[in-house]
Amino acid sequence: MEQEGIKTSRIQGFYKLSIDERLKIVKEIANLTDEEVNLLRNFGNLDPKIADSMIENVIGAMSYPFAVAVNFKINGKDYLVPMVIEEPSVVAAASNAARMLREGEGIRALADKQYMIGQIHILNPKSPYTAINEILLHKEEILEAANATNNTLRKLGGGAKDIEVRIVETRRGISIIVHLIVDVLDAMGANTVNTMAEAVAPMIERITGGEARLKIVSNYAIYRLVRAWVRVSPDAIGGRDVAEKIVDASALAEADPFRAVTHNKGIMNGIIAVALATAQDHRAIEAGAHAYAARSGTYKPLSRWDIDSDGYLTGFLEIPLQVGIVGGAVKTHPIARIALKILNIKSAKELAEVMAAVGLAQNFAALRALVTEGIQRGHMKLHARNLAILAGATGELVEIVAEQMIKEGKISFDYAKELVEKYTSHG
Ligand SMILES: CC(C)(COP(=O)([O-])OP(=O)([O-])OC[C@H]1O[C@@H](n2cnc3c(N)ncnc32)[C@H](O)[C@@H]1OP(=O)([O-])[O-])[C@@H](O)C(=O)NCCC(=O)NCCSC(=O)C[C@@](C)(O)CC(=O)[O-]
Ligand SMILES: NC(=O)C1=CN([C@@H]2O[C@H](COP(=O)(O)OP(=O)(O)OC[C@H]3O[C@@H](n4cnc5c(N)ncnc54)[C@H](OP(=O)(O)O)[C@@H]3O)[C@@H](O)[C@H]2O)C=CC1
């Protein structure tokens, strides 16, 4: 039977071609129009050469809106927070929450040291339990070998600091897992740690008589936690009743994983938007955050809301954040550099603190909306504008169509189209 779709996706040496040559092939296969090709070829604020060196097989670039959330006061300092995201209402919600949470020092946040874990996986050691002790006995030598790979970190006071050893029983037998604990300072640190893990592996093989298999960073960054917290008077957020209902919502998330996942999605709305604006590895952040949420064996919310003895609403968030202001794409992408300039932060630690504070504010905005008017009014109000644009509205017509859909409570693409046609046909 003939397969549906394109004839073949096997294109040898595709990566060796230029952007235009690759684009030509894709155009032919996917039957793209000239207009579509031109859109893809429009690299906007990213130099095609940089794009082509960032990832492989590049044929174009895709732009997302870059926004700034306002009103943030974190640890007593004001911040403009760059956000890149495709979802309407996230930036508005962050600004809205930050406005309400500005009292006193605003949102407080404190990050641990920037310690990442590098894993070295040892198979078939001569004697697993003896091997643990032998590795610990050679700790200083191993740390020295790891640090020999990175002069910069060492000079700046970072580098490999400690070692942990565990025995893990897998369905294929016993493994020894060595954790190299590395202070990566202002980097996200994966490359740095991977280099160190590979460098020390032969030494650990000699010590254990085993075979070093995986040598790779762990994104379960439990030594890189950030805590953000806030205390706000009920008057600033709509009254005691709203505060009580936010605590009820928090309690539900603690009791029900189905709710906890959505609760955390709301937190990640803010954190990932800042991560994208500053060109962080957001997959690493997400993987670490959700693993941390499930550390007890059940998926739990990353934040918690309570009312204190003065009747103030208090919020607390704890999350591992692996972020950098050097390395990775942070310094390659010109817009990420501008994002960091807008943020005016001085270290990866400070970036992590801002991101955790944004996550907490984002969570607050969502919960407050959910327990008062519901999420749809604010969210759909902004979504209505998107639908109007998609339906072909331009200029003033965008607001007219959006307003009418909201007023009538009929927010859909079909209705937006109907309205656009109605207004344009009547001039
Ligand atoms: C959407 C709002 C802010 C409207 O809220 P509102 O009360 O209608 O807004 P307002 O007109 O009173 O303005 C209050 C402030 O909000 C900001 N603001 C207000 N409008 C805009 C705008 N157009 N563009 C930018 N900023 C805006 C702005 O800072 C403004 O202050 P001002 O500048 O006037 O001093 C509110 O309803 C809200 O916070 N909703 C929450 C929306 C949300 O969380 N969206 C995330 C997507 S839903 C989701 O993915 C996660 C979720 C909800 O499932 C998570 C969960 O379940 O926990
Ligand atoms: N599982 C994962 O998460 C994986 C992620 N990655 C990717 O790894 C990249 C991040 O790795 P990362 O190690 O941060 O990137 P880089 O290796 O690009 O940058 C880190 C390097 O920057 C230099 N540096 C200069 N100043 C500082 C400072 N103040 N603090 C810290 N380092 C400094 C250091 O050494 P030097 O001067 O010698 O450069 C350091 O090793 C991301 O692109 C990520 O996507 C890769 C593999 C796996």
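Just so we're clear, the structure is a prediction, and the values are computed from it rather than from any experiment. Numbers for residues simply follow the sequence, beginning at 1. Start at 1 and go down the list; that is how both ligands and their atoms are numbered.
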Next item on the list: Using a 4.0 Å heavy-atom threshold (strictly under), name the region of L382 that reaches ligand 1: side chain, backbone, both or neither.
Entry: side chain
Check: ligand 2 and G328, any nitrogen or oxygen pair closer than 3.5 angstrom?
Finding: yes
Checklist line | atom 20 (C) of ligand 2: the protein heavy-atom neighbour that sits closest, reported with distance to 0.1 Å | finding: T192 OG1, 3.5 Å
Item checked: Within reach of ligand 1, part of N363 (heavy-atom separation under 4.0 Å) -> neither
Check: Hey, does G189 sit under 4.0 Å from ligand 2 if you only count heavy atoms?
Finding: yes
Check: For atom 33 (C) of ligand 2, what is the nearest protein heavy atom, given as residue, atom name and distance?
Finding: V326 CG2, 3.6 Å
Item checked: Which segment of A369 sits under 4.0 Å of ligand 1 when only heavy atoms are counted -> side chain
Margin query: Protein non-hydrogen atoms only, distance under 4.0 Å: does atom 29 (O) of ligand 1 have such a neighbour?
Written below: yes
Notebook entry, point to check: Is the backbone of M116 close enough, under 3.5 Å, to the side chain of Q322 for a donor and an acceptor to pair up by distance?
Noted result: no
Notebook entry, point to check: Taking non-hydrogen atoms only, is E373 closer than 4.0 angstrom to ligand 1 via side chain, backbone, both or neither?
Noted result: side chain
Notebook entry, point to check: Parallel, tilted or perpendicular for F364 and W305, by the 30°/60° rule?
Noted result: tilted
Next item on the list: Please name the residue in the list K215, E164, H179 that meets the side chain to side chain donor-acceptor pair (under 3.5 Å) test with Q119.
Entry: H179
Next item on the list: Give the numbers and elements of all ligand 1 atoms closer than 4.0 Å to a heavy atom of A366.
Entry: 44 (O), 53 (C), 55 (C), 58 (O)
Notebook entry, point to check: Is R368 in contact with ligand 1, taking contact as a heavy-atom separation below 4.0 Å?
Noted result: no
Checklist line | Part of R385 with heavy atoms under 4.0 Å of ligand 1, whether side chain, backbone, both or neither | finding: neither
Next item on the list: Might you check, step by step, whether the distance between atom 33 (O) of ligand 1 and some protein heavy atom is under 4.0 Å?
Entry: no
Check: Side chains of Q404 and Y423: donor-acceptor distance under 3.5 Å anywhere?
Finding: yes
Next item on the list: Taking all non-hydrogen atoms of both residues into account, name the closest pair between P48 and I19 and its distance.
Entry: O-CD1, 3.8 Å
Item checked: Shortest reach to atom 35 (O) of ligand 2 by a heavy atom, considering only I216, V217, N150 -> N150
Checklist line | Closest approach of L397 to T424 (non-hydrogen atoms, all atoms of both residues) | finding: CD2-CG2, 3.9 Å
Checklist line | E350/K77 ion pair, N-O < 4.0 Å | finding: yes
Check: What do you think, any protein heavy atom under 4.0 angstrom from atom 39 (O) of ligand 2?
Finding: no
Notebook entry, point to check: Who gets closest to atom 48 (C) of ligand 2 by heavy atom: I325, D186, N194, T195?
Noted result: N194
Check: When you look for heavy atoms under 4.0 Å from ligand 1, do you find them on the side chain of E87, its backbone, both, or neither?
Finding: side chain
Next item on the list: Taking only heavy atoms of M188 into account, list the atoms of ligand 2 that are under 4.0 Å away from them.
Entry: 3 (O), 10 (C), 14 (O)
Note to self: Please list, in number order, the atoms of ligand 1 under 4.0 Å from a heavy atom of R99.
What the structure shows: 14 (C), 15 (C), 31 (O), 35 (O)
Item checked: Numbered atoms of ligand 2 (with element) below 4.0 Å of L153, judged on heavy atoms -> 31 (C), 32 (N)
Check: Any idea which part of D281 is under 4.0 Å from ligand 2, heavy-atom wise: side chain, backbone, both or neither?
Finding: side chain
Notebook entry, point to check: Which atoms of ligand 1 have any heavy atom of K265 under 4.0 Å away?
Noted result: 49 (C), 50 (O)
Next item on the list: Indicate yes or no for a side-chain donor-acceptor contact from N147 to the backbone of G159 under 3.5 Å, with no hydrogens or angles considered.
Entry: no
Next item on the list: Give the atoms of ligand 2, by number and element, whose distance to some non-hydrogen atom of G327 is under 4.0 Å.
Entry: 15 (O), 16 (P), 18 (O), 19 (O)
Notebook entry, point to check: Should you measure from each heavy atom of N219, which atoms of ligand 2 turn up under 4.0 Å away?
Noted result: 1 (N), 2 (C), 3 (O)
Checklist line | Closest to atom 26 (N) of ligand 2 among T152, V330, V193 (heavy-atom distance) | finding: T152
Note to self: Is there a salt bridge (charged side-chain N to carboxylate O under 4.0 Å, His left out) between E87 and K265? Walk through the geometry before answering.
What the structure shows: CA-CA 12 Å; E87 188 178 3; K265 188 275 183 185; 2.8 Å; yes
Check: Any heavy atom of I375 sitting closer than 4.0 Å to ligand 1?
Finding: yes
Margin query: I'd like to know if the side chain of R22 and the backbone of F14 have a donor-acceptor N/O pair within less than 3.5 Å.
Written below: yes
Notebook entry, point to check: Can you check side chain to side chain donor-acceptor pair (under 3.5 Å) on E286 and H282, steps first, answer last?
Noted result: CA-CA 6 Å; E286 290 276 13; H282 51 97; 6.0 Å; no
Notebook entry, point to check: Any donor-acceptor pair under 3.5 Å linking the side chain of N71 with the backbone of S95?
Noted result: yes
Note to self: Going by a strict under-4.0 Å cutoff (protein heavy atoms only), does atom 44 (O) of ligand 1 have a neighbour on the protein?
What the structure shows: yes
Notebook entry, point to check: What do we get for N71 next to ligand 1 when only non-hydrogen atoms under 4.0 Å count, side chain, backbone, both or neither?
Noted result: side chain
